[in-house]
Chemist: 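Okay, here's the structure, questions in a sec.
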Number of protein chains: 2
Amino acid sequence: MFTLAEENYLKAIFHLEMESEGEVSTNAIAESMDTKPSSVTDMVQKLAEKKLLTYKRYKGVQLTAEGKKVAVNVIRKHRLWEVFLVEKLNFQWDEVHEIAEQLEHIQSEELITRLDKFLGSPDFDPHGDPIPDKHGVLKRTEKKLLSELKKNQSGICVSVKESNGEFLQYLNKKKIAIGVKIYVLGKEFFDGSMVIRVGGEQFFISHKIAENLYVQTQK
Amino acid sequence: MFTLAEENYLKAIFHLEMESEGEVSTNAIAESMDTKPSSVTDMVQKLAEKKLLTYKRYKGVQLTAEGKKVAVNVIRKHRLWEVFLVEKLNFQWDEVHEIAEQLEHIQSEELITRLDKFLGSPDFDPHGDPIPDKHGVLKRTEKKLLSELKKNQSGICVSVKESNGEFLQYLNKKKIAIGVKIYVLGKEFFDGSMVIRVGGEQFFISHKIAENLYVQTQK
DNA sequence: TTTTATTTTTAGTCCTGTCTAAATATAAAG
DNA sequence: CTTTATATTTAGACAGGACTAAAAATAAAA
Ligand SMILES: [Mn+2]
Ligand SMILES: [Mn+2]
Ligand SMILES: [Mn+2]
Ligand SMILES: [Mn+2]
C-alpha cells in the first residue's frame, strides 16, 4: 500500500506530533530522520498530495486521520515484533530496535493478527511503550519523566524516551529495566543531576539520563 | 549488504541453474521474475561488476561461489520463515509464500540463527523443500516427479515444484499434502494424465498436476 | 524598522531499478 | 549460404528518494 519511505516519514511525524502539539516543522522531521530538510520538503509534498497530511509551505505539517492510521499501524507492528524478538527469540531489549525497524514494513494484515494472538495480545513492548490495538487505539499511561521526580520520591521504570542502543546498554549495566523501582535520594538544582538507588546499588545519574526514563509513581 | 532487487535476481538465477545445468539465459530470468529482458541485462551487468556472477553478452550468466552463497542464504531465510508461519502462526502451507518473499530480505544474521533454533533447526520447509544450513549446505533428497511414476507404482508426496496459491489450494481440496502416499492406478500415454488414489479417494489428474508434484518412492 | 540570522523551499543532479523502441547477434529455415 | 525469426543488448526515458547549492520567507536583533 505505502512505500517503506512513506511509512517511515509518517511514523516519524506521528512521534513528533506526540512530543509537542501543533504543526511539525521541516527541520524537526529532517533531524529525527537523519536526512536533509530539502528531502523532507519533497516527501512532504507527496504525502500531502496523497491526503496523508496537510501542508502549507513554510508552516509545517499535520497528519490527517488517514495519515495517523497508517503511522499507528506501523508502530503497532514495530512493537509487536519487538515483543516477539524478546519473548520468543530471547533477544535483550537493547538489541531489537534495528531489526524491528525492518520487520515493521512487512505487509500482511493476517500476519499481524496472528502474531498478536501468538504473543498473547501484549499491551506493552519490551521498552514499556504501549502497543496500539488493531483499531489504532493507544492505551494512555500515566507516566512521567524521572527528571520530574523530587528528592525522596520514587517510581517504577515503565519505559524509555529514546531507545538508542548505547542508552539501553547503559541501563543494562546499571541494572535498570522495565518494572524496576527507582528511588531519588538526592537532586542538584543547577544541573538536574540525581543520586538514585536501584536495587541495592546507589549511584549518580546526569540530567540527560533522567529525562530519558519514564517512571510510574505509586499514586 | 545487498539490495532487495539484487537478492531476488540471485535467488531466481540460482533456481534456474538447478533446473537445467549450464548458463542461464536472459529471457529465462526475465520470465521467471516477471520482468523485461532489457531490465535483466541491466541488472546482470551490475551483478557481474560485483563478481556475483559471470556474464558474457549473448551467452547467459552463471553464479560465482559468492553469488551462490548469497542466493542460498536468501533461500534459507525464506524457508525458515515459512516454517515459522505454518508451525507457530498456524498458517496453511498455501498461504505463506507471499509473506516469506518479504521476510526473506530482513537483514540480521543473529535473527536467523535464533529463529532457526526457536524452530528446532528444521530440515524441510512446509512444501517439503530442504532448508540449507548456515554454511549453505543443502540436503539432497531423492525425489522424482509424480509424472515419472509408472502404472501401479506409488510414492510419498515430499514437495511441490511450483508453489503458487491456486495449485496448493487444489492440493488441499484433493487432500494431497506432504507425507501423503499416492498410488498410480492408471496412466494415459497420449497426454500423460493419471488416475491416482490418495487415502480412500481415487480420481483423475492431468499431466500438468503430475509434473508439479515430487514424490519419494520407497526404495 | 532596517539588518541579520535561521528556516524552508526550489532548481538541478544523481543513483537504482524499471520500461519502450530500436539496433545487433545468434539460431533456424529455406 | 542467404533470408527470416528469435534472443539479447543498447539508447533514451521515467519514477522514487536523496543530495548540494542557491533563492526566498520568516524570525530575531539591532
Ligand atoms: Mn523500537
Ligand atoms: Mn520499543
Ligand atoms: Mn515459498
Ligand atoms: Mn517453500
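Naming: A, B, ... by sequence-line order, numbering from 1 per chain.
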Chemist: Among residues at least two apart in sequence or on other chains, which ones pass side-chain hydrogen bond (donor to acceptor under 3.5 Å, both in side chains) with Glu104(B)?
Modeler: Lys11(B), His78(B)

Chemist: Gly60(B) or Lys59(A): which one's nearest nucleotide on DNA chain D is closer to the 5' end?
Modeler: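 The answer here is Gly60(B).
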
Chemist: Do the side-chain N or O atoms of Asn27(B) get closer than 4.0 angstrom to the phosphate oxygens (OP1, OP2) of dT6(D)?
Modeler: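 Checking Asn27(B) against dT6(D): no side-chain N or O falls below 4.0 Å of OP1 or OP2.
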
Chemist: Just to confirm, is there a sub-4.0 Å distance from OP1 or OP2 of dT9(C) to any side-chain nitrogen or oxygen of Thr26(A)?
Modeler: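 For dT9(C), OP1/OP2 do have a side-chain N/O of Thr26(A) under 4.0 Å.
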
Chemist: What residues form a side-chain hydrogen bond (donor to acceptor under 3.5 Å, both in side chains) with Thr41(A), not counting sequence neighbours?
Modeler: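 Result, side-chain hydrogen bond (donor to acceptor under 3.5 Å, both in side chains) vs Thr41(A): none returned.
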
Chemist: Sequence neighbours excluded, which residues qualify as side-chain hydrogen bond (donor to acceptor under 3.5 Å, both in side chains) partners of Asn212(B)?
Modeler: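 Asn212(B): no side-chain hydrogen bond (donor to acceptor under 3.5 Å, both in side chains) contacts found.
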
Chemist: Ala28(B) or Arg57(A): which one's nearest nucleotide on DNA chain D is closer to the 5' end?
Modeler: Ala28(B)

Chemist: Any side-chain N or O of Gln45(A) below 4.0 angstrom from OP1/OP2 of dT10(C)?
Modeler: yes

Chemist: Is Asp129(B) salt-bridged to Lys143(B), going by a charged N under 4.0 Å from an acidic O?
Modeler: yes

Chemist: Taking protein heavy atoms under 4.0 Å as touching, what does nucleotides 12-24 of chain C look like 5' to 3' if B marks base contact, S marks sugar-phosphate-only contact and - marks none?
Modeler: -----BBBB---B

Chemist: Rounded to the Å, how far apart are Tyr55(B) OH and dA7(D) P?
Modeler: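 My rounded result for the distance is 16 Å.
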
Chemist: Between Glu23(A) (CD) and dA25(D) (C1'), how many Å, whole number?
Modeler: 17 Å

Chemist: Strictly by side-chain hydrogen bond (donor to acceptor under 3.5 Å, both in side chains), give each pair with a member in residues 105-116 of chain A just once, sequence neighbours left out.
Modeler: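 For residues 105-116 of chain A, and leaving out neighbouring residues, the side-chain hydrogen bond (donor to acceptor under 3.5 Å, both in side chains) pairs sorted by first residue read Glu7(A)-His105(A), Asn8(A)-His105(A), Glu110(A)-Arg114(A), Asp116(A)-Ser121(A).
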
Chemist: Who are the ring-ring contact (aromatic ring centres under 6.0 Å, His included) partners of Phe84(B), not counting sequence neighbours?
Modeler: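 Residues passing ring-ring contact (aromatic ring centres under 6.0 Å, His included) with Phe84(B): Phe84(A), Trp81(B).
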
